[in-house]
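Below: one structure, written as structure tokens.
Along the sequence shown, residues are numbered consecutively beginning with 1.
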Amino acid sequence: HNSNEIGLPGHTHSLEPSPEDFQIETQHRERLLPLQKISDHYLSIENKLILNNESILKFNTGFTSNSLTEFEEKVTIPGIKMLLTNIPYNLSYLTHINEDVKWISGAQGMLTKNTNDAAAENILIPNSTSNDYGAYSLFQYSKKQFETQIGFRYDHRQIDAENILSKNFSKLNGSFGIVYQKGLYTLRTNISSGFRPPHLSEMLSDGVHHGTNRYEIGSQNLESEFANQFDVSLDYNTDHINFNVNPFYNHFQNYIYVAPTADFIDGYQVYVYSQASSAKTYGGEIYLHYHPHFAHRLHIEQDLSYVIGEDNNNNPLPLIPQTRINTNLKYEFAETGKKFQLKTVSLQRTQFLDKDDVATFETTSDNYEIYNIEGNFSYTGKQTMLMKLGVRNLFNTTYINHLSNLKGIGLPSPGINFYISINYLLN
């Protein structure tokens with residue numbers, strides 16, 4: 001069980017809100033309106049049966065509930081009060097046909113129900129249910145340096161929202177992948193198709209979503225999203241160098257996205273769930289890990305990740321992240337045998353590049369870089385204690401991430417902040 005009472009970042013109906021409208025001078029926490037009360041319950045059950053032929057039968061299920069109550073003007077009258085419940089399940093069977101071939105099959109799904117309280121003033125998503133179920137089968141062949149896997153999956157989703165909406169979505173998909181290793185090199189490639197039916201919120205939203213600081217409008221005309229993906233990965237590994245390059249390409253039909261508009265309702269910019277007849281995303285990641293022989297305790301990590309999104313007319317898709325370059329230096333200290341010891345020190349630099357290829361009504365973003373530093377300590381006595389001490393945004397850089405929900409009003413992300421973590425390992 002997890003329960004929180006959290007404040008919302010400001011409350012203004014101005015058509016041109018400023019960061020000052022979302023900030024207060026108070027340096028301590030107190031109860032202020034608007035606020036949200038969130039209560040979550042989680043229950044999970046896992047069963048595993050190992051048969052005589054070393055086959056494995058698994059069954060997992062559970063229950064989750066998320067209760068959200070939002071108070072805007074008074075704590076006695078909720079603006080929004082909704083309960084979301086989920087019952088997931090997963091049944092799988094793994095067996096070895098022979099020493100080289102493995103077969104995995106199963107079924108999984110989830111029942112989702114959204115219920116609004118009659119006492120609430122507003123409804124963001126109407127009372128509705130979503131029932132997902134699917135079945136899959138995978139064959140994996142392994143022989144020395146070669147491994148391949150082929151799989152098929154069928155999915156179905158049924159959405160019902162009282163007298164507003166009743167729709168069914170289904171699709172058969174497949175995948176094929178190969179892994180080949182020779183010497184210091186490992187090559188992986190995969191071709192697959194994908195299916196994603198629209199979510200309840202994408203079809204039925206019509207109201208202020210304070211978590212994203214925008215007015216969201218869904219579309220009941222959304223169709224299922226289909227995708228074809230191709231990616232390849234090449235690894236090079238030695239005792240001192242690990243290098244990986246991983247390009248990818250995705251092609252979508254009926255691509256679903258949420259797009260900003262020029263309209264405002266009650267001071268909130270309107271975002272509409274839309275669909276492109278086709279779209280593509282492509283990009284890749286490059287990763288290098290180097291720890292030289294002459295300084296074996298020093299680790300140097302460098303990675304680059306980027307993604308480009310375009311619709312069927314080659315126009316940029318909205319809310320695509322900035323290109324990121326990450327550098328991490330870590331030094332591991334030798335064991336001293338003392339009770340209190342410094343284990344590692346790491347310095348991280350993350351740079352986000354300019355984002356100029358944006359959708360209509362979406363603002364561009366400037367480049368910035370953030371530095372973090374962290375030390376890891378250990379204490380060994382009657383009980384072992386592990387500690388972390390660190391600083392994020394070491395130089396107090398002012399920046400706004402391109403995907404920030406508060407970017408529209410110019411509210412920057414957190415400045416310099418400190419953290420400490422202590423873990424006790426009980427005998």
Once salt bridge (Lys or Arg N to Asp or Glu O under 4.0 Å) is applied, do any residues pair with [X], and if so which ones, sequence neighbours excluded?
X: Asp117; result: Lys81
X: Glu310; result: Lys280
X: Asp366; result: none

Establish, from distance only, whether the side-chain atoms of [X] and [Y] form a donor-acceptor pair under 3.5 Å.
X: Gln302; Y: Thr327; value: yes
X: Ser166; Y: Asp160; value: yes
X: Tyr215; Y: Asp206; value: yes
X: Ser233; Y: Asn244; value: yes
X: Thr115; Y: Asn127; value: no
X: Asp263; Y: Gln269; value: no
X: Tyr255; Y: Gln253; value: no
X: Asn372; Y: Glu374; value: no

Holding to side chain to side chain donor-acceptor pair (under 3.5 Å), I want the full list of residues that pass it with [X], two or more places apart in sequence or in another chain.
X: Asn131; answer: none
X: Gln275; answer: none
X: Ser193; answer: Asn173
X: Gln149; answer: Gln140

By ring pair (Phe, Tyr, Trp, His ring centres under 6.0 Å), which residues pair with [X], not counting sequence neighbours?
X: Tyr424; value: none
X: His96; value: none
X: Phe169; value: none
X: His299; value: His289, His291

Is the distance from the ring center of Phe230 to that of Phe248 below 6.0 Å?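 Ring-ring flag for Phe230/Phe248: false, centres at least 6.0 Å apart.
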**Study point:** SB check Glu46 Lys58 (cutoff 4.0 Å)
**Key:**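 So Glu46 does not pair with Lys58 through a salt bridge.
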Next on the checklist: Taking the basic N atoms (NZ, or NE/NH1/NH2) and the acidic carboxylate oxygens, is any pair closer than 4.0 Å for Arg157 and Asp155?
Outcome noted: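 Looking at Arg157 and Asp155, the cut-off is not met.
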Item to complete: On the 0 to 90° scale, with breaks at 30° and 60°, tag the His41-His1 ring pair as parallel, tilted or perpendicular.
Response: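 Judged by the thresholds at 30° and 60°, the geometry between His41 and His1 is tilted.
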- Message: Taking the six-membered ring of Tyr268 as reference, does the cationic atom of Arg214 (NZ for Lys, CZ for Arg) lie under 6.0 Å from its centre and within 45° of its axis?
- Response: no
Exercise. Report yes if the side chains of Met203 and Leu165 come closer than 4.5 Å at any heavy-atom pair, otherwise no.
Key: yes
Residue pairs passing the side-chain hydrogen bond (donor to acceptor under 3.5 Å, both in side chains) test with at least one member in residues 391-401, sequence neighbours excluded, are Tyr368-Asn401
